Protein chains: 2
Amino acid sequence: MNGRELDPRKELILKVVTDDYIESAEPVGSRTIARKYNLGLSPATIRNEMADLEENGYLQQPHISAGRIPSHQGYRYYVDSLMKQQALNKKELQVIQSCINNLTMDLDELDLLLQQTVKVLAQITRYPSLMLGPKLQPSVFTHVQLIPLNEHNILVLVVTNMGVIENKLITVDVPVSQMDLDRISYVLNKKLRGKTFDKLKTSFISELREEMEVHDSLFHKAIHLLLRTLESRDKDRIYLDGIINILDHPEFKELEKFKSLMEMMDEEESIYRMLEKTSGHQGLQISIGEEIEEEAFQQCSVVTATYEIGGKVVGTIGVLGPTRMDYGHVVAVVDFVSHYLSKVLSDMNKYN
Amino acid sequence: MNGRELDPRKELILKVVTDDYIESAEPVGSRTIARKYNLGLSPATIRNEMADLEENGYLQQPHISAGRIPSHQGYRYYVDSLMKQQALNKKELQVIQSCINNLTMDLDELDLLLQQTVKVLAQITRYPSLMLGPKLQPSVFTHVQLIPLNEHNILVLVVTNMGVIENKLITVDVPVSQMDLDRISYVLNKKLRGKTFDKLKTSFISELREEMEVHDSLFHKAIHLLLRTLESRDKDRIYLDGIINILDHPEFKELEKFKSLMEMMDEEESIYRMLEKTSGHQGLQISIGEEIEEEAFQQCSVVTATYEIGGKVVGTIGVLGPTRMDYGHVVAVVDFVSHYLSKVLSDMNKYN
DNA sequence: AATTAGCACTCATCATCTGAGAGTGCTAAC
DNA sequence: GTTAGCACTCTCAGATGATGAGTGCTAATT
């Protein structure tokens, strides 16, 4: 509400209050500040400043005779202007890199890679971690395979350079010969191989659709499946890890709070909404308290960052915590992980 | 410890105490029993009987002036001899059936089917639910496919009548021609198609292994992969759902208890141990308190049942709760779900 | 004019105390 | 063998009061 800048001393005090509250989870009083961070100011002066900060909406008091804690507006100011990004130490870097790298790189282990990524994110930050994506658009279509299982069932496999992405059963009324299947596979592969999915979506498919009219119904179905795949796969794929970590923080000592959070986390839809909102903006983003729209996350903040394949944003990673979360550290970790993941994925994408 | 049977009246009282405690979560006193379940006995008589039951180890007192609660031994006696299995009502039956059935039966949705199954199990019982499996042994090998991705990478797909089960990347030093791939695919498919995996394991593979010696290294690798697949897939595949349900029960109102439980649930290994122990015995099984060996489950019970494909045990489902869980209901649900799941899976297995 | 010391006041927290209530075991009567 | 009666134990919930951290305000100090 109050957009104007704060004078340096007020900034200092807001920063100190926030830092201390983040660390201790206790409202912080003027005395504590004076003692702990010798700023060359007496408690009384600090009190006056804090009173001003409260009046302007940056701090608040849980009750009249308690210390101050930052308001959402205070946190916002803190993360925008005051926070010191806390460099990762070597051990952390090493753990992250080895977790995200240390894979046999088998195609079907993309999933494992992503799982590992959120796991390590949760492990390092000690907060619940989330991940969305990745979208397929920048992947390169490699192969479609039609496999006859029996007379009436055909298995359609779509393979990309990032791994098998879809396998669906198609039921046909009339038996189809192996030759027919081969012919269709051949046509599809010839037309599509080597194209990225976003190109497919915009141009080639419509081209194919026209040809399709003249072909038989199996062909029809295969194309249809392909189309559906392109659209559907973006939506799913939510990864979660480290939810219990939230219990380490006193704001969730009341079971009810925790429970409603858990229930929210169980609904893929709401997580999707939360993360997806950010995927427009590229890069790192912090949402504090009511800036997240979900009801149960009112007392939480989320630090999200997009990640990319070959320069295209394909997904989001995020860390969820109480508003009183260790922004400095989390931001550094999320930033690093998102970039590192982008690099690893982009390499995979080129390599294959 | 005390193996001999209880006389009918003691049985009655043990049953009433257990039933009431399961419902109320409060220690139950003689007065309550006399008032609530008019057994034609005075509180004093009931007290005497309860004193006996306590002496024999079936009941215990949380503190001296509280009512009684069942000991583990008491629960054991209860589930073995006293418990009334509580028939499922129509709505429950319907929900279960529709959840497990209501699928398009696409091959790759086996996973979804299993997920749905634990979900509905958790939903109906209101306890956390687990699932292990299914093992692949009774599945029928349908197809192996070698797909060239580029010069040095070949994708190997193994398809069964239950769906694609493995796709792995093989890296070769020397480029392999399409013709070679076709030849190898042809041989493998010819040899293996239509055989169940347990047969493969015991006989055909060794046969192939001999032939293999004379063939090239790609062939070698493909077979090797197949073998590894057969062994590895049994182990993974743990499904969980409804963990939060445990919070509805007062024994977990202390966060620490819940937390240690959660941590245990996060370790696949311990869940695996817990469920796998039962997979020897066919059918339904109840483990109470320290009968489960895991540390954190001391205050819990598990009701498990095996499920089958074509008469062969392939996996386990289970429901976890406090020792004070509603055995009557849970047993009925687990029993039904295990049988129904067996039926659905067996049908799938035949059908394809 | 800004800073600080001093003081009265507020409020949460914690330990202690109290009474009520539920339940027991024992004894004696039925 | 069963039950009524009673003294006793122990938990739980609420009340009380001391403690201490923290504030706002005023007046003195720099």
Side-chain angles (χ1 to χ4, degrees), chain A residues 6-14 16-21 23-71 74 250-251 253-254 324, chain B residues 6-14 16-21 23-71 74 250-251 253-254 324:
Chain A
L6 295 172
D7 71 62
R9 198 168 73 182
K10 286 204 174 54
E11 279 197 346
L12 179 61
I13 288 178
L14 177 54
V16 166
V17 169
T18 310
D19 280 337
D20 197 83
Y21 183 59
E23 193 194 321
S24 69
E26 299 290 334
V28 13
S30 54
R31 224 193 143 67
T32 321
I33 293 180
R35 214 186 317 119
K36 206 160 155 188
Y37 306 83
N38 39 344
L39 309 179
L41 296 172
S42 77
T45 311
I46 296 172
R47 269 205 292 286
N48 289 332
E49 294 288 34
M50 292 206 295
D52 290 352
L53 282 167
E54 178 164 3
E55 201 168 332
N56 291 330
Y58 294 97
L59 293 179
Q60 60 192 45
Q61 274 180 301
H63 54 265
I64 187 128
S65 75
R68 304 300 211 289
I69 66 177
S71 66
E251 25 273 279
K253 67 178 196 297
E254 292 149 58
R324 182 195 64 76
Chain B
L6 295 172
D7 69 62
R9 199 169 70 183
K10 286 202 172 56
E11 280 197 344
L12 179 61
I13 287 177
L14 177 55
V16 166
V17 168
T18 310
D19 281 337
D20 196 84
Y21 182 60
E23 193 194 322
S24 70
E26 298 291 335
V28 13
S30 53
R31 225 192 141 68
T32 320
I33 293 180
R35 214 184 319 117
K36 205 160 155 191
Y37 306 83
N38 40 344
L39 310 179
L41 296 173
S42 78
T45 311
I46 294 171
R47 270 204 293 285
N48 290 331
E49 294 287 34
M50 293 206 295
D52 290 352
L53 282 166
E54 180 166 2
E55 201 168 334
N56 291 329
Y58 294 96
L59 293 180
Q60 59 192 46
Q61 273 179 300
H63 54 263
I64 185 126
S65 75
R68 303 303 208 293
I69 66 177
S71 66
E251 25 274 276
K253 68 177 195 298
E254 294 149 60
R324 181 194 64 75

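Fair warning: this is a prediction, and the values are worked out from it, not measured in the lab. FYI, side chains are in, hydrogens and waters are out, and symmetry mates aren't considered; it's all heavy atoms of this structure. All chains are named by letter (A, B, ...) in the order of the sequence lines, taking the proteins before the strands, and each is independently numbered beginning at 1.
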Grab the [atom1]-[atom2] distance between [X] and [N] for me, whole Å please.
{"X": "B/Arg35", "N": "C/dA22", "atom1": "CZ", "atom2": "P", "answer": "8 Å"}
{"X": "B/Arg47", "N": "D/dT2", "atom1": "CZ", "atom2": "P", "answer": "14 Å"}
{"X": "A/Asp52", "N": "D/dG24", "atom1": "CG", "atom2": "P", "answer": "10 Å"}
{"X": "A/Ile13", "N": "C/dT3", "atom1": "CD1", "atom2": "C1'", "answer": "12 Å"}
{"X": "B/Glu49", "N": "D/dG1", "atom1": "CD", "atom2": "P", "answer": "11 Å"}
{"X": "B/Ile33", "N": "C/dT24", "atom1": "CD1", "atom2": "C1'", "answer": "13 Å"}
{"X": "B/Arg31", "N": "C/dT24", "atom1": "CZ", "atom2": "P", "answer": "11 Å"}
{"X": "A/Leu41", "N": "C/dA5", "atom1": "CG", "atom2": "P", "answer": "11 Å"}

Of residues 62-71 of chain B, the positions that come close to DNA chain D - non-hydrogen atoms, cut-off under 4.0 Å: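 Of all residues in residues 62-71 of chain B, the ones placing a heavy atom under 4.0 Å from DNA chain D are B/His63, B/Ile64, B/Ser65.
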Compare every heavy atom of A/Lys10 with every heavy atom of A/Leu53, then report the nearest pair and how far apart it is.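 A/Leu53 and A/Lys10 have their closest heavy atoms at CD1-O, 3.8 Å.
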Reported [atom1]-to-[atom2] distance for the pair [X] and [Y], which is rounded to 0.5 angstrom:
{"X": "B/Glu23", "Y": "B/Lys36", "atom1": "CD", "atom2": "NZ", "result": "5.0 Å"}
{"X": "B/Ile46", "Y": "B/Leu39", "atom1": "CD1", "atom2": "CG", "result": "5.5 Å"}
{"X": "A/Glu55", "Y": "A/Met50", "atom1": "CD", "atom2": "CE", "result": "14.0 Å"}

Identify which nucleotide among C/dG25, C/dT3, D/dA4 has an atom closest to any side-chain atom of A/Thr45, counting heavy atoms from C-beta outward.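 The answer is C/dT3, which lies nearest to the side chain.
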Set out, line by line, the N/O atom pairs under 3.5 Å between protein and nucleotides 18-20 of chain C.
none

Which residue pairs pass the side-chain hydrogen bond (donor to acceptor under 3.5 Å, both in side chains) test with at least one member in residues 59-69 of chain A, sequence neighbours excluded?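 Listed by first then second residue: A/Glu54-A/Arg68.
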Determine all donor-acceptor pairs shorter than 3.5 Å in which one atom belongs to a side chain in residues 24-34 of chain A; sequence neighbours excluded.
{"residue": "A/Ser24", "atom": "OG", "partner": "A/Asp20", "partner atom": "O", "Å": "3.0"}
{"residue": "A/Ser24", "atom": "OG", "partner": "A/Glu26", "partner atom": "N", "Å": "3.1"}
{"residue": "A/Ser24", "atom": "OG", "partner": "A/Glu26", "partner atom": "O", "Å": "3.4"}
{"residue": "A/Ser30", "atom": "OG", "partner": "A/Arg47", "partner atom": "NH1", "Å": "3.2"}

Return whichever of A/Ala51 or B/Gly40 has its heavy-atom-nearest nucleotide of DNA chain D closer to the 5' end.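 Its nearest nucleotide being more 5', the pick is B/Gly40.
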Does A/Arg9 reach the side chain of A/Leu41, with side-chain heavy atoms less than 4.5 Å apart?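 In short, these two side chains touch, coming nearer than 4.5 Å.
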Check: protein-nucleotides 26-30 of chain D nitrogen or oxygen pairs below 3.5 Å:
none

Checking the side chain of A/Asn56 only, and the main-chain atoms of A/Tyr58 only, is there a donor and an acceptor separated by less than 3.5 Å?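 Absent.
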Is there a side-chain polar atom (N or O) of A/Thr32 under 4.0 Å from OP1 or OP2 of D/dA21?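 Checking A/Thr32 against D/dA21: no side-chain N or O falls below 4.0 Å of OP1 or OP2.
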Residues in side chain to side chain contact (heavy atoms under 4.5 Å, CB included) with A/Asn38, at least two apart?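 Counting only residues at least two positions away or on another chain, A/Asn38 forms no side chain to side chain contact (heavy atoms under 4.5 Å, CB included).
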Qualifying residue for side-chain contact (heavy atoms from CB on, under 4.5 Å) with A/Glu49, from A/Ile13, A/Leu59, A/Leu14: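 So, applying the side-chain contact (heavy atoms from CB on, under 4.5 Å) to A/Glu49 and each of A/Ile13, A/Leu59, A/Leu14, only A/Ile13 qualifies.
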